[in-house]
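Step one of this worksheet: look at the structure below.
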Amino acid sequence: MDRFVIRGQKRSYNDGAAEDVLRASKKVKLDPGNDNEGIKEEEADEDADFAEFSHPVPWHKVEAEGLDCDYALLFPKEEADHLFKKLEEEVVYLTGDEAKVQVFGKVYNVPRKQATYGDEGLIYTYSGVKHLARRWTPTLEYILDAVSKTTGHTFNFVLVNRYKDGQDHMGEHRDDERELDPVSPIASVSLGAARDFIFRHRDTRGKYSSRNIEPVKLKLAHGSLLLMNTPTNTHWYHSLPARKKVLMPRINLTFRRILMDSKK
DNA sequence: GAAACATCATTGGG
DNA sequence: ACCCAATGATGTTT
């Protein structure tokens, strides 16, 4: 299977036909089995959308007030299958105290598995606990490379979250840690079981919310890439809700740019 | 009708 | 001021 060789291989969507594929697929439904409001089917400025990326894949703009995301299928199924398997072999998840979180005085296991990888010396803070990033594995480096080429952005860190089935989930939060580069997008790669992903505007939370803005609901497919651009993460919370009918695992990689010498 | 889902209030130490 | 997860209540959807 040499086409999965790490680095230096031509990607299947990068061949001569890519431009035609790109033109042909103006509108891809993210959630064909579900006719809901999930994605706004905007297709006004395809050219503008694609122009900013050096590595053309068919992007789909997801927009709302203060929300700006781009969604694309980055890896074809075969390759996504392979990458998932390799990550299952390579990724070392946090255990023990590092896999626990304290909420209202009680200690819980986080309802998923987490790992942090990145450039040497990078530290990620989750819920008050600092985690030293492990060195990149070959597969993570390969995916990092694909994401960088596709988005035109560089990243020096990835948070890996593994959801063993639909019971595993992540509560509503923002990725607005102080150590993150505020102008850099966050790139979220999904492998394995497709899961619902929900954005909620911060001003719609709670009983006496000041605004009435519809949530933005996506289904993150196997092999997909969701780019969350600024200022999405300052105005919108997101969550990965439990879905009891999902029986298979999902691995999510969120690539970030962490400021190295953050003198605050 | 039952199960799943959605939303809110409640719980506090760091 | 905010974050993090579970639980119970209540309402809605499938």
Side-chain angles (χ1 to χ4, degrees), chain A residues 29-40 62 64-67 93-116 123-133 157-182 186 188 190 193-221 228 230-252 254 256 258-259 262 264:
Chain A
K29 291 214 63 167
L30 297 181
D31 187 4
N34 192 341
D35 65 277
N36 72 10
E37 67 289 343
I39 298 295
K40 290 169 72 170
V62 180
E65 182 180 323
L67 182 149
Y93 293 94
L94 305 181
T95 59
D97 288 345
E98 289 198 318
K100 295 184 183 337
V101 61
Q102 179 171 331
V103 181
F104 282 93
K106 292 177 68 176
V107 177
Y108 302 93
N109 293 318
V110 298
R112 62 193 168 274
K113 283 184 173 176
Q114 299 184 307
T116 57
I123 292 170
Y124 174 76
T125 307
Y126 170 74
S127 196
V129 183
K130 293 190 184 309
H131 305 286
L132 182 62
F157 180 87
V158 65
L159 174 64
V160 184
N161 280 289
R162 184 185 187 276
Y163 305 87
K164 69 176 186 304
D165 58 28
Q167 315 269 27
D168 275 1
H169 60 276
M170 174 140 47
E172 203 167 69
H173 68 286
R174 292 180 293 174
D175 291 326
D176 63 344
E177 290 87 359
R178 275 194 305 280
E179 59 243 12
L180 291 180
D181 183 337
I186 292 176
S188 169
S190 296
R195 290 289 295 265
D196 290 344
F197 185 81
I198 300 179
F199 286 104
R200 282 180 67 205
H201 194 283
R202 64 177 176 188
D203 294 344
T204 68
R205 292 152 41 93
K207 188 163 44 161
Y208 303 108
S209 54
S210 55
R211 310 281 311 277
N212 180 18
I213 303 174
E214 282 299 300
V216 174
K217 305 181 180 184
L218 309 181
K219 181 166 284 192
L220 301 182
M228 290 179 269
T230 57
T232 304
N233 265 119
T234 68
H235 298 294
W236 293 75
Y237 286 70
H238 59 265
S239 65
L240 192 89
R243 286 290 180 262
K244 305 207 168 179
K245 288 163 188 166
V246 174
L247 305 177
M248 298 293 287
R250 166 177 184 263
I251 295 174
N252 182 66
T254 48
R256 300 138 189 267
I258 293 186
L259 302 174
S262 48
K264 318 192 183 72

Dump the pairs, protein N or O against N or O of nucleotides 7-9 of chain C, anything under 3.5 Å, distances to one decimal.
none

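- The aromatic rings of His201(A) and His235(A) sit parallel to each other, their planes meeting at less than 30°, with 60° as the upper class boundary.
- Atom NZ of Lys244(A) and atom C1' of dT13(C) are 15 Å apart (whole Å).
- The shortest non-hydrogen separation linking Ala221(A) to Ala194(A) is CA-CB, 4.2 Å.
- Residue whose closest nucleotide on DNA chain C sits further toward the 5' end, between Lys245(A) and Met170(A): Met170(A).
- Annotation: of the two residues near DNA chain C, His169(A) and Tyr237(A), the 5′-most nearest-nucleotide partner is Tyr237(A).
- Asp196(A) has its CG atom 12 Å from the P atom of dT7(B), to the nearest Å.
- Between Val216(A) and Val62(A), the shortest heavy-atom contact is CG1-CG1, 3.8 Å.
- In this entry the distance linking CZ of Arg200(A) with P of dC3(C) reads 13 Å, nearest Å.
- Ring planes of His131(A) and Tyr124(A): parallel class, angle under 30° (limits at 30 and 60°).
- For the pair Ile186(A) and Leu180(A), the tightest heavy-atom approach, listed with the atom from each and the gap, is CD1-CD1, 4.1 Å.
- Among all heavy-atom pairs drawn from Pro241(A) and Asp196(A), the shortest one is CD-O, 3.6 Å.
- Between His131(A) atom NE2 and dC4(C) atom P the separation is 11 Å, expressed in whole Å.
- Residues from residues 96-104 of chain A placing a heavy atom under 4.0 Å of any atom in DNA chain B, listed by number, are Gln102(A), Val103(A), Phe104(A).
- Put simply, CD on Glu172(A) is 15 Å from C1' on dA6(C), counting in whole angstrom units.
- For Arg174(A) against Arg202(A), the heavy-atom pair with the smallest separation is NH1-NH1, 3.8 Å.
- Taking atom CD of Glu214(A) as the reference point, atom C1' of dA6(B) lies 13 Å away to the nearest angstrom.
- Taking atom CZ on Arg205(A) and atom P on dC4(C), their separation rounds to 10 Å, with Å as the unit.
- The CG atom of Leu159(A) sits 11 Å away from the P atom of dC4(C) (whole-angstrom rounding).
- Residue Arg202(A) places none of its side-chain N or O atoms closer than 4.0 Å to OP1 or OP2 of dC2(C).
- Comparing atom distances between the Arg112(A) side chain and each of dA6(B), dA5(C), dC3(C) picks out dA5(C) as nearest.
- The one candidate from Asp175(A), Asp181(A), Asp176(A) that meets the salt bridge (Lys or Arg N to Asp or Glu O under 4.0 Å) condition with Arg256(A) is Asp175(A).
- The side-chain hydrogen bond (donor to acceptor under 3.5 Å, both in side chains) test applied to Lys244(A) returns no partner, not counting sequence neighbours.
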